[in-house]
Amino acid sequence: MFNRFKIAIFQNVRSKVGEFVRTRRAKSSGQAKRLDSVEGIKYFKEGEAFDKNALIMLYPDAWLTAKREHPNIKLYNHTGFVYSIVKALNLNGYRVDMIHPDSDFVVEKDYDVFIGHGAKSEKFVTQLADHTIIYQYISGLYYKVFNQESDARYDRFKLKNNVKEPLDHNRSMEGMHHGLEFLNNRADVLFTIHCPRMCAAYGTNSSKFYYTGLGAYIDPLFIVDDAERDFEKGRKNFIYVGGTSGNLQKGLDLLIEAFSKTPDLNLYIYCKVEEEILQYCRKELASKNIHYIYHWRFPIFQDKLKSLLKECIFSVHAPINIGMGTAFMATLGVGMIPVGYLDINDPTDDEVLSSDWSVESLMVAVTKASEMPVYWCKKASSASLVRYKHYCDPQEVEKNFIRMFSSDHVGKTSKELES
């Protein structure tokens with residue numbers, strides 16, 4: 001009951017007040033006009049002679065935000081990503097044009113490369129010359145498998161909780177299937193982090209991947225000095241850090257159920273809890289070892305968050321095979337140890353992974369993690385930092401982008417470069 005009260009006060013009421021304030025401001029100031037394009041970007045002057053052209057279909061506003069915020073960019077998707085992609089192209093001699101997916105941009109230049117993301121690329125790609133190399137930025141699971149795995153999560157949830165009414169998928173891709181399929185097939189290169197199950201879901205197109213990693217910024221609130229971390233107490237404490245929308249697809253209901261059945265272990269929920277969870281998981285949410293703490297990001301509660309993080313060493317997750325979310329990646333960057341059902345490249349003995357996403361498997365994983373000796377926990381925490389640096393550090397990912405567009409890599413996949 002207390003978790004539900006905190007969610008109602010600190011999350012739902014605050015969200016409604018915030019929405020009201022934003023609506024009033026929008027009405028009083030007028031909606032800002034969408035920026036449809038930015039052309040001729042040669043921002044990074046130390047590049048070559050700018051003798052090539054690149055077209056990016058994403059959000060031009062993100063580029064303006066990136067320039068304004070750098071070096072303290074707040075969000076990687078899409079702001080930090082756009083900054084690094086433009087930099088990588090400029091440094092390899094490309095002038096960059098950027099267009100909004102909903103714009104009516106007409107292709108009149110001869111572009112050497114096109115970088116697209118999402119279902120709305122087709123109308124631009126069909127205007128390009130045959131020699132243009134098409135890149136697709138992949139940030140998640142192939143849509144057909146996404147739908148299948150989402151169905152399995154929702155079906156399981158509805159059966160367990162005797163839900164009769166329909167529940168719509170969060171992050172639904174309805175209406176996007178044709179455009180996504182077109183870009184998957186037409187792209188010469190797909191680039192992303194190497195998450196084996198996510199990448200394999202692309203079937204015959206999985207051979208097109210160039211593994212760049214994906215970036216995630218570290219929340220300074222989560223940084224704890226190793227000397228202050230209590231690994232002994234930390235073995236009983238797990239944090240779930242989730243990004244925006246999709247509690248069921250990201251497995252929050254599974255984790256709540258697993259921890260309600262392991263009462264000696266604590267689950268700390270650091271994300272927005274959605275209506276399905278609130279309505280149907282009341283019993284689990286009332287468990288004394290499950291704690292909603294997303295409001296601790298507010299300044300008045302930050303001392304409580306800092307104190308907890310000194311005694312919390314495990315980052316627990318159970319999503320469908322969407323790869324590694326940026327929220328989870330950031331926990332690696334502060335030395336938290338991965339636990340649960342996770343799709344990570346080159347797993348070692350420095351994680352505690354479950355064989356599947358069933359509640360029983362998750363219970364086995366969290367129990368095993370809690371019983372690991374302190375010396376192992378310290379070693380595994382250090383390994384998380386190494387994993388973050390290799391796959392998720394925005395500076396390392398940016399270097400990989402620069403390499404991907406270099407003259408000896410452009411248009412090639414990781415498999416082609418290895419052979």
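When a residue number appears, it is its place in the shown sequence, counting from 1.
Heavy atoms only, all atoms of each residue included: Tyr240 and Cys271 are closest at CE2-SG, 3.4 Å. Residues Asp97 and Glu39 approach most closely at OD1-CA, 3.2 Å, considering heavy atoms. What you find for Pro373 and Arg235 is that their closest heavy atoms are CA-NH1, 4.0 Å. When all heavy atoms of Lys87 and Glu398 are compared, the pair lying nearest together is NZ-OE2, 3.0 Å. Listed here is the closest heavy atom pair of Trp296 and Phe301: CA-CB, 3.5 Å.
In this structure, Phe259 has its ring center closer than 6.0 angstrom to the ring center of Phe238. The distance between the ring centers of Tyr211 and Tyr391 does not fall below 6.0 angstrom. Taking the six-membered ring for Trp, Tyr76 and Tyr217 have ring centres closer than 6.0 Å. Residues Phe401 and Phe191 place their aromatic rings such that the two centres sit under 6.0 Å apart. For Phe405 and Tyr135, the distance between ring centers is under 6.0 angstrom. Aromatic ring centres of Tyr154 and His169 lie closer together than 6.0 Å.
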Could you pull out every donor-acceptor pair under 3.5 Å between side chains of residues 322-341 and any protein atom, sequence neighbours left out?
from, atom 1, to, atom 2, distance (Å)
Thr331, OG1, Ser315, OG, 2.9
Thr331, OG1, Phe328, O, 2.5
Tyr341, OH, Arg197, NE, 3.3
Tyr341, OH, Asn321, OD1, 3.2
Tyr341, OH, Asn321, ND2, 3.3

Decide yes or no on salt bridge (Lys or Arg N to Asp or Glu O under 4.0 Å) for Arg34 and Asp36, but give the supporting numbers first.
-> CA-CA 6 Å; Arg34 182 187 73 206; Asp36 278 349; 2.6 Å; yes
Would you sort out whether Ile56 and Leu89 count as a side chain to side chain contact (heavy atoms under 4.5 Å, CB included), showing the intermediate values?
-> CA-CA 10 Å; Ile56 302 174; Leu89 288 163; 3.8 Å; yes
Please walk me through it: do Asp356 and Leu362 pass side chain to side chain contact (heavy atoms under 4.5 Å, CB included)?
-> CA-CA 8 Å; Asp356 56 52; Leu362 292 170; over 6 Å; no
Show your working on side chain to side chain contact (heavy atoms under 4.5 Å, CB included) between Ile256 and Ile269 and close with a plain yes or no.
-> CA-CA 9 Å; Ile256 290 173; Ile269 302 171; 4.2 Å; yes
Begin from the C-alpha positions of Lys144 and Asn147 and carry the test side chain to side chain donor-acceptor pair (under 3.5 Å) through to its verdict.
-> CA-CA 5 Å; Lys144 289 184 180 179; Asn147 290 341; over 6 Å; no
Determine, stepwise, if the pair Val316 / Leu267 fulfils side chain to side chain contact (heavy atoms under 4.5 Å, CB included).
-> CA-CA 9 Å; Val316 63; Leu267 172 65; 3.8 Å; yes
With side chain to side chain donor-acceptor pair (under 3.5 Å) as the test, would you mind laying out the steps for Asn184 and Gln136 before giving the verdict?
-> CA-CA 7 Å; Asn184 289 336; Gln136 181 179 189; 2.9 Å; yes
Decide yes or no on salt bridge (Lys or Arg N to Asp or Glu O under 4.0 Å) for Glu351 and Arg387, but give the supporting numbers first.
-> CA-CA 11 Å; Glu351 308 90 21; Arg387 181 176 291 280; 3.2 Å; yes
Please test Lys158 against Asp155 for salt bridge (Lys or Arg N to Asp or Glu O under 4.0 Å), starting from the C-alpha separation and ending with a verdict.
-> CA-CA 5 Å; Lys158 291 173 72 174; Asp155 289 347; 5.6 Å; no
Evaluate the side chain to side chain donor-acceptor pair (under 3.5 Å) criterion for residues Ser370 and Thr367: first the C-alpha distance (whole Å), next the side-chain angles of each, then the deciding distance (0.1 Å), finally the verdict.
-> CA-CA 5 Å; Ser370 71; Thr367 301; 5.4 Å; no
Before giving the answer on salt bridge (Lys or Arg N to Asp or Glu O under 4.0 Å), spell out for Asp102 and Lys120 the whole-Å C-alpha distance, their side-chain angles and the decisive distance to 0.1 Å.
-> CA-CA 8 Å; Asp102 294 324; Lys120 297 183 179 181; 2.5 Å; yes
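Using cut-offs of 30° and 60° on the angle between ring planes, the pair Tyr137 and Phe81 is parallel. Relative ring orientation between Tyr111 and Phe105 is described as tilted, the plane-to-plane angle lying within the 30° to 60° band. Note: Tyr83 and Phe44 have perpendicular aromatic rings, judged against thresholds of 30 and 60 degrees for the angle between ring planes.
Only one option out of Lys306, Lys233, Lys236 pairs with Glu311 in a salt bridge (Lys or Arg N to Asp or Glu O under 4.0 Å); it is Lys233. Screening Lys250, Glu274, Gln249 for a side-chain hydrogen bond (donor to acceptor under 3.5 Å, both in side chains) with Asn170, the sole residue that qualifies is Glu274. No option in Asn161, Val359, Leu248 other than Val359 meets the side-chain contact (heavy atoms from CB on, under 4.5 Å) test with Arg156. Considering Val189, Leu190, Leu183 as possible partners of Ile134, the one that fulfils the side-chain contact (heavy atoms from CB on, under 4.5 Å) test is Leu183.
Rounded to the nearest 0.5 Å, atoms CG (Asp61) and NE2 (His78) are 12.0 Å apart. Taking CG of Asn237 as the reference point, atom CD1 of Ile313 lies at 8.5 Å (rounded to 0.5 Å). Atom NE2 of residue His70 and atom OG of residue Ser84 lie 7.5 Å apart, to the nearest 0.5 angstrom. Of the inter-residue distances, the one linking Thr348 atom OG1 with Leu353 atom CG reads 8.5 Å to the nearest 0.5 angstrom. For the atom pair CD (Glu276) and CG (Leu167), the distance works out to 5.5 Å, reported to the nearest 0.5 Å. In this structure, OG in Ser37 is found 14.0 Å from CE in Met57, a value given to the nearest 0.5 Å.
A side-chain N or O of Asn205 and one of Asn185 form a donor-acceptor pair less than 3.5 Å apart. Side-chain atoms of Asn3 and His291 form no donor-acceptor pair, as typed in the model, at a separation below 3.5 Å. A donor-acceptor pair shorter than 3.5 Å can be found between the side chains of Asn162 and Lys164. For the 3.5 Å distance criterion, the side chains of Glu181 and Tyr143 qualify, holding a donor opposite an acceptor. In the model, Ser384 has no side-chain atom that pairs as donor or acceptor with a side-chain atom of Ser381 under 3.5 Å.
Residues Thr212 and Ile193 are not in side-chain contact: their nearest non-hydrogen atoms beyond the backbone lie 4.5 Å or more apart. Using a 4.5 Å cut-off on side-chain heavy atoms (C-beta onward), Trp63 and Tyr43 make contact.
The cationic group of Arg297 lies under 6.0 Å from the six-membered ring centre of Tyr294 and within 45° of the ring axis, placing it in a cation-pi geometry. Seen from the ring of Trp357, Arg153 counts as a face-on cation partner, given the 6.0 Å and 45° thresholds. Taking the centre and axis of the six-membered ring of Tyr94, the NZ or CZ atom of Lys52 falls inside the cone set by 45° and 6.0 Å.
Between the side chain of Ser307 and the main chain of Asp303, a donor-acceptor pair closer than 3.5 Å is present.
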